[in-house]
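The structure appears below as structure tokens.
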Amino acid sequence: MTTTATTTLSDADFDAPIQDRFFEDYIPGSVYVYGSITMTEQDILRFAGEFDPQSIHTDPEAAEQGPFKGLIASGWHTCALMMRLYGDHYVSKVASLASPGIDELRWVRPVKPGDSLSIRTTIQEARVSRTKPDRGIVHTAIEVVNQRGEPVLTMTAMNILLRRTPQR
């Protein structure tokens, strides 16, 4: 997996750098694109051999006879790649507390060797916590897209972030 020099690919990025990004910086409706990482056959075989040993991920010859007519990356590998880009570019380095989970994870297209993947993030909702006013919850729609701009994975992430100026 080639991970060198991933960057912001959209026209806009957050006003605050990731090292100084707080809940208030996540504005609903904002869209950001980051990438890209190219998936190699070696990467697919290595990850699948350790974590998802199904023949469509581990055996190029058997995969040729399978439903995708060739080797494909594990969906969990695609999730890990998404998390790399999400962590490097999107989630605050100083205010991120945790994630209570994700919703509606879907693998909508196979990822094949040579595919170059990026993430497109859309902030859907940002609300202050009702019980802990020093933080907020951000809901983000994430699409992992290939080099043709086709979604290969979709999901909604939830992140708990500290507010810049805690309210009491």
Side-chain angles (χ1 to χ4, degrees), residues 1 3 6-39 43-44 47-48 51-52 54 56-57 67-68 72-112 115-164 166-167:
M1 189 164 40
T3 58
T6 62
T7 188
T8 301
L9 300 176
S10 49
D11 292 336
D13 198 5
F14 287 89
D15 289 337
I18 199 165
Q19 300 85 356
D20 190 38
R21 196 173 295 162
F22 287 83
F23 167 76
E24 293 84 354
D25 297 306
Y26 292 81
I27 308 299
S30 298
V31 178
Y32 306 109
V33 181
Y34 305 103
S36 60
I37 297 175
T38 300
M39 189 77 78
D43 297 327
I44 292 169
F47 183 94
F51 300 109
D52 194 351
Q54 299 179 70
I56 58 175
H57 308 313
F68 303 104
I72 64 167
S74 164
W76 298 112
H77 193 177
T78 306
C79 286
L81 181 147
M82 178 283 304
M83 194 63 218
R84 181 72 214 211
L85 291 168
Y86 195 70
D88 283 353
H89 298 286
Y90 184 80
V91 176
S92 171
K93 301 286 189 207
V94 294
S96 179
L97 296 176
S99 171
I102 61 170
D103 289 329
E104 300 181 15
L105 171 63
R106 299 289 182 267
W107 295 295
V108 295
R109 272 185 191 76
V111 173
K112 297 191 172 198
D115 279 351
S116 183
L117 305 178
S118 302
I119 63 169
R120 180 172 36 237
T121 60
T122 304
I123 302 169
Q124 294 179 311
E125 178 186 5
R127 66 172 176 79
V128 174
S129 170
R130 289 187 273 287
T131 58
K132 297 180 180 175
D134 66 330
R135 61 196 68 181
I137 300 171
V138 175
H139 292 249
T140 304
I142 301 171
E143 289 181 296
V144 177
V145 296
N146 63 23
Q147 66 275 12
R148 292 175 295 282
E150 302 166 328
V152 299
L153 177 152
T154 61
M155 61 180 267
T156 301
M158 293 170 279
N159 294 92
I160 300 170
L161 299 155
L162 286 173
R163 295 176 73 188
R164 181 171 277 108
Q167 308 295 310

Margin query: So if I apply the side-chain hydrogen bond (donor to acceptor under 3.5 Å, both in side chains) rule between Tyr90 and each of Thr121, Thr140, Asn159, which one comes out positive?
Written below: Thr140
Margin query: Tyr86 vs Tyr34, test: ring-ring contact (aromatic ring centres under 6.0 Å, His included). Steps then yes/no.
Written below: CA-CA 8 Å; Tyr86 195 70; Tyr34 305 103; 8.9 Å; no
Has the side chain of [X] got a donor or acceptor atom that lies under 3.5 Å from a matching backbone atom of [Y]?
X      : Y     : result
Lys93  : Gly87 : yes
Thr122 : Val31 : no
Arg135 : Phe23 : no
Asp88  : Leu85 : no
His57  : Ile72 : yes

Going by heavy atoms in the side chains, are [X] and [Y] under 4.5 Å from each other?
X      : Y      : result
Val128 : Arg163 : yes
Ser92  : Tyr26  : yes
Phe51  : Ser74  : no
Leu162 : Leu97  : yes

How far does [atom1] of [X] sit from [atom2] of [Y], to the nearest 0.5 angstrom?
X      : Y      : atom1 : atom2 : value
Ile18  : His89  : CD1   : NE2   : 8.0 Å
Arg21  : Ser96  : CZ    : OG    : 11.0 Å
Asp134 : Ile160 : CG    : CD1   : 10.5 Å
Arg148 : Asp115 : CZ    : CG    : 5.5 Å
Ile142 : Thr156 : CD1   : OG1   : 8.0 Å
Ile37  : Leu81  : CD1   : CG    : 4.0 Å

Next item on the list: For Ser36 and Ser116, test the side chains for any donor-to-acceptor distance below 3.5 angstrom and give the result as yes or no.
Entry: yes
Show me, pair by pair, the donor-acceptor contacts under 3.5 angstrom made by side chains of residues 101-111, not counting sequence neighbours?
{"unit_1": "Trp107", "atom_1": "NE1", "unit_2": "Gly75", "atom_2": "O", "d": "3.0"}
{"unit_1": "Arg109", "atom_1": "NH1", "unit_2": "Pro151", "atom_2": "O", "d": "2.8"}

Margin query: If you compare all heavy atoms of Met82 against all heavy atoms of Ile119, which two are closest, and at what distance to 0.1 Å?
Written below: CG-CG2, 3.9 Å
